[in-house]
Amino acid sequence: MEDYIIDVRQIEELQMIKDVPALEEILQRAKVNLVRGGQVALVRPDVLGNQNRFDTFTTLDEWAAYRKNVLKYLI
């Protein structure tokens with residue numbers, strides 16, 4: 001199964017405008033990928049457009065911790 005890629009720059013933008021439904025949609029897709037046996041990769045694009053992977057999680061516990069952190073100040 002392919003990795004589900006989360007662009008943290010997009011997450012940060014959605015946090016700034018407090019778009020909780022869009023954040024939840026991204027997080028739900030990540031969860032589905034984990035349940036199906038995939039991994040979730042966190043990437044941050046550089047100025048050249050290259051995606052620099054800086055974290056990966058493979059369990060629902062790691063996903064839940066990330067979700068909690070993403071939504072910490074929004075709900």
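What you see below is based on every heavy atom in this structure, not just the backbone, and it leaves out hydrogens, waters and symmetry mates.
- Here the side chains of V70 and L14 are not in contact, with every heavy-atom distance at 4.5 Å or above.
- Note that CD1 of I11 and CD of E13 are 10.0 Å apart. Values are rounded to the nearest 0.5 Å.
- Hydrophobic cluster membership is shared by Y66 and V35, with clusters built from Ile, Leu, Val, Met, Phe, Trp and Tyr side chains linked at under 4.5 angstrom.
- With contacts defined as side-chain heavy-atom distances shorter than 4.5 Å, the pair L71/Q15 does not qualify.
- At a threshold of 4.5 Å between non-hydrogen side-chain atoms, the residues V32 and Q28 count as touching.
- Residue pairs meeting the salt bridge (Lys or Arg N to Asp or Glu O under 4.0 Å) criterion with at least one member in residues 59-75, sequence neighbours excluded: E24-R67.
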Under 3.5 Å donor-acceptor pairs involving side-chain atoms of residues 36-47, not counting sequence neighbours:
| from | atom 1 | to | atom 2 | distance (Å) |
| --- | --- | --- | --- | --- |
| R44 | NH1 | E12 | OE1 | 3.3 |
| R44 | NH2 | E12 | OE2 | 2.8 |
| D46 | OD1 | L48 | N | 3.0 |
| D46 | OD1 | G49 | N | 3.0 |
| D46 | OD1 | N50 | N | 2.9 |

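- Rounded to the nearest 0.5 angstrom, F57 CZ and I6 CD1 are separated by 5.0 Å.
- Hydrophobic clustering, with ILVMFWY side chains joined whenever heavy atoms are under 4.5 angstrom apart, groups V20 together with I17.
- In this structure, K18 and L74 approach most closely via the heavy-atom pair CG-CD2, 3.7 Å.
- For the atom pair E2 CD and N33 CG, the distance stands at 9.0 Å (nearest 0.5 Å).
- In this structure, Y73 places its OH atom where only 12 or fewer heavy-atom neighbours from other residues, nucleotides or ligands lie under 6.0 Å away.
- The OG1 atom of T58 sits 7.5 Å away from atom CG of L34, with the distance rounded to the nearest 0.5 Å.
- How far CG of L27 is from OH of Y4: 8.5 Å, rounded to the nearest 0.5 Å.
- Taking the side chain as every heavy atom from C-beta outward, D3 and R53 approach each other to under 4.5 Å.
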